[in-house]
Amino acid sequence: MKDKSIGDLDSLELNFSEKNSYLNRKRVTDMNIKEAKEEIKNALKAYFTKDQYGDYVISLEKQRPVFLMGPPGIGKTAIMEQIASELGVGLVSYSMTHHTRQSALGLPFIEKKVYGGKEYNVSEYTMSEIIASVYEMMEETGIKEGILFLDEINCVSETLAPAMLQFLQYKIFGKHRVPDGWIVVTAGNPPEYNNSVHEYDIVTWDRLKRIDIDPDYNVWKEYAYQKGIHPAITSYLDIKKDNFYKIETTIEGKTYITARGWSDLSDMIKLYEKNSISVKESLVVQYLRNEKIARDFSVYYDLFNKYESDYQISDILAGKASDEIRSRAKQAKFDERLALLGMLIDAVGSECHEIYLMESSQRELLEALKNVRGDLARPGGNAEKALDKQIRIREEKLENGKTSKSLSKDQQSTLHETIYALDSIQTRLMKEKPADNAAAFKEIKKQFDDRTKTLKKQSEICKKKLSNAFMFCEDVFQEGQEMLILVTELTINYYTATFISRYGCDEYFKHNKELLFYDRQKEIINELENLELDDEPKDMVS
């Protein structure tokens with residue numbers, strides 16, 4: 001099956017306000033987190049390249065460690081997890097501020113050695129905890145390539161600093177080196193954010209690939225859609241971008257708002273809402289360490305909830321919006337309209353995400369059932385055992401992926417759902433007790449086809465909701481800037497963009513006709529038509 005990407009959709013972005021002062025003094029050498037991620041991925045792909053003999057083209061000693069320099073809470077650790085899952089490699093992470101010289105370098109012991117016929121006592125070191133953890137992951141998961149990510153590396157203790165400089169230059173702690181296939185990526189904060197920062201000399205910098213990162217809300221918002229950041233947060237920051245990232249020194253001390261703070265606050269808000277706990281300013285200020293902004297967002301959050309109650313989003317998406325709702329939306333101020341758009345986009349985005357996960361699990365299930373069919377075609381084939389084999393393979397893949405951090409949350413969800421589907425099919429076969437393998441495969445195929453029909457039905461429902469969202473906005477906002485915002489947000493949202501590319505949306509393309517990425521013929525791609533299991537093979541053994 002062939003994926004069709006959206007093309008250059010992510011090139012379109014909106015600017016509702018000027019970037020904050022930190023961004024305004026952006027240097028040519030600085031990048032946003034998305035650009036930095038791409039640079040790191042490219043470097044890792046190059047470092048992982050092997051010659052015709054299976055050796056790395058650039059040896060470990062010559063591979064410059066990547067050094068990410070950027071303010072705290074900007075997402076440096078998050079992109080390393082994304083890169084590991086996208087490349088399918090392992091990830092071992094350490095915060096170096098938590099390490100002593102002994103844990104990083106290893107413990108000393110005395111070893112007797114003979115030189116020139118005379119015995120000497122020589123100091124040796126046990127294996128570093130950090131190096132040992134890499135070998136442990138390789139042993140546990142079977143993954144031989146990965147990323148060793150060392151955060152806050154320029155803030156280590158005075159006793160550890162010399163060892164860290166040696167490590168950056170030679171990839172060695174004591175006498176133990178990073179294994180081949182494991183690439184070193186480091187991160188640190190600029191001196192203005194951390195008093196413990198050690199300045200490196202030119203010799204050290206000349207052995208590193210340094211990438212300077214600046215906060216960028218528009219880029220972070222793409223990540224926010226994929227992570228499912230609470231729509232009250234994205235709607236608020238659309239209006240007040242300057243409050244996305246802010247570190248200030250006041251007479252009362254330092255105040256700070258970071259990308260990490262917004263992300264963690266979002267997780268907590270959703271859990272509070274799930275448990276019917278009131279979200280108050282006392283919670284918000286725990287994550288947004290700026291009282292003025294925390295209070296401002298708390299007020300907005302309450303207002304957002306009122307909008308959510310007043311505008312019946314489910315009715316709008318069902319095409320049943322009342323005249324009262326339409327009238328209110330037409331008369332609403334711009335900030336209220338943005339909140340309404342945020343709620344609509346969040347709702348359809350969640351639906352599109354569900355379709356995305358259903359598609360992914362159905363593809364994985366298809367692959368598993370093809371293997372089952374192959375096992376049934378062999379002498380002595382047994383359906384229940386063949387299904388159990390595929391379940392065990394995916395359970396092991398899931399466990400290893402969690403341990404190595406080589407699987408994203410979506411990939412983990414896909415495997416969980418596939419395991420559940422295989423288990424359900426197996427349970428059904430045990431209950432039905434088919435007469436032979438041909439009958440067993442016929443039942444397997446029926447259950448697979450039923451899941452495909454459900455997926456198609458859900459995708460049609462989702463497509464209709466997307467169309468209803470557009471028709472509502474067309475009626476209420478006409479051709480105002482709100483329509484441009486809607487199209488743009490659906491474009492940068494990975495799940496809605498993926499859904500539209502596969503199933504189409506006439507209303508979207510009508511408002512986006514000036515973009516060149518999509519064929520004028522509006523060819524609708526539906527990969528589900530390829531998700532079919534053939535009938536049992538001719539050599540199926542009963």
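All values below were derived from every heavy atom in this structure, side-chain atoms included, with hydrogens, water molecules and symmetry-related copies excluded. If you read the sequence from its start, that first residue is 1, and numbering goes on from there. What you see is a predicted model; the values in this text were computed from it and never measured.
Checking N400 against T403 by side-chain atom types alone, no donor-acceptor pair falls below 3.5 Å. A donor-acceptor contact closer than 3.5 angstrom links the side chains of Q390 and R394. Counted by atom type alone, H353 and Q226 present zero donor-acceptor pairs between their side chains at under 3.5 Å. In this model, a donor atom of one side chain and an acceptor atom of the other lie less than 3.5 Å apart for E152 and S95. Checked by atom type, the side-chain pair Q362/T452 shows a donor-acceptor distance below 3.5 Å. Between Y495 and D410, the side chains place a donor N or O and an acceptor N or O closer than 3.5 Å (distance only, hydrogens not considered). Using a 3.5 Å distance cut-off with no hydrogens or angles, the side chains of Y94 and S133 do pair a donor with an acceptor. For the residue pair Y225 / D346, no side-chain donor-acceptor distance below 3.5 Å is found, with atom types taken as modelled.
A salt bridge is defined here as a Lys NZ or Arg NE, NH1 or NH2 lying under 4.0 Å from an Asp or Glu carboxylate O, and D296 with K292 fails to meet this definition. Classification of E417 and R451 as a salt-bridged pair holds, one side-chain N sitting under 4.0 Å from a carboxylate O. Ion pair D375/R378 flagged as a salt bridge, since at least one NZ, NE, NH1 or NH2 atom sits closer than 4.0 Å to an Asp/Glu carboxylate oxygen. Salt bridge absent: D180 and K144 never bring a charged side-chain N and a carboxylate O closer than 4.0 Å.
Using bins of under 30°, 30° to 60° and over 60° for the plane-to-plane angle, the ring pair F244/W220 lands in the tilted bin.
Here the options are F499, Y223, Y356, the test is ring pair (Phe, Tyr, Trp, His ring centres under 6.0 Å), and the partner is Y494; only Y356 passes. Among the candidates T186, I130, V185, I183, the single residue satisfying the side chain to side chain contact (heavy atoms under 4.5 Å, CB included) test with L148 is I130. When the options Y245, Y287, W262 are evaluated for a side chain to side chain contact (heavy atoms under 4.5 Å, CB included) with I257, the one that passes is W262.
Between the side chain of K171 and the backbone N or O of P65, no donor-acceptor pair lies under 3.5 Å. The backbone N or O of G90 lies less than 3.5 Å from no partner atom in the side chain of S406, so there is not a single donor-acceptor pair.
For the ring pair (Phe, Tyr, Trp, His ring centres under 6.0 Å) test, no residue two or more places apart in sequence or in another chain qualifies with Y56. Residues that satisfy the side-chain hydrogen bond (donor to acceptor under 3.5 Å, both in side chains) test with Q82, not counting sequence neighbours, are K37.
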Exercise for the section: Would you please test M80 and K405 for side-chain contact (heavy atoms from CB on, under 4.5 Å) and show each step? Expected result: CA-CA 10 Å; M80 296 315 305; K405 299 182 181 178; over 6 Å; no

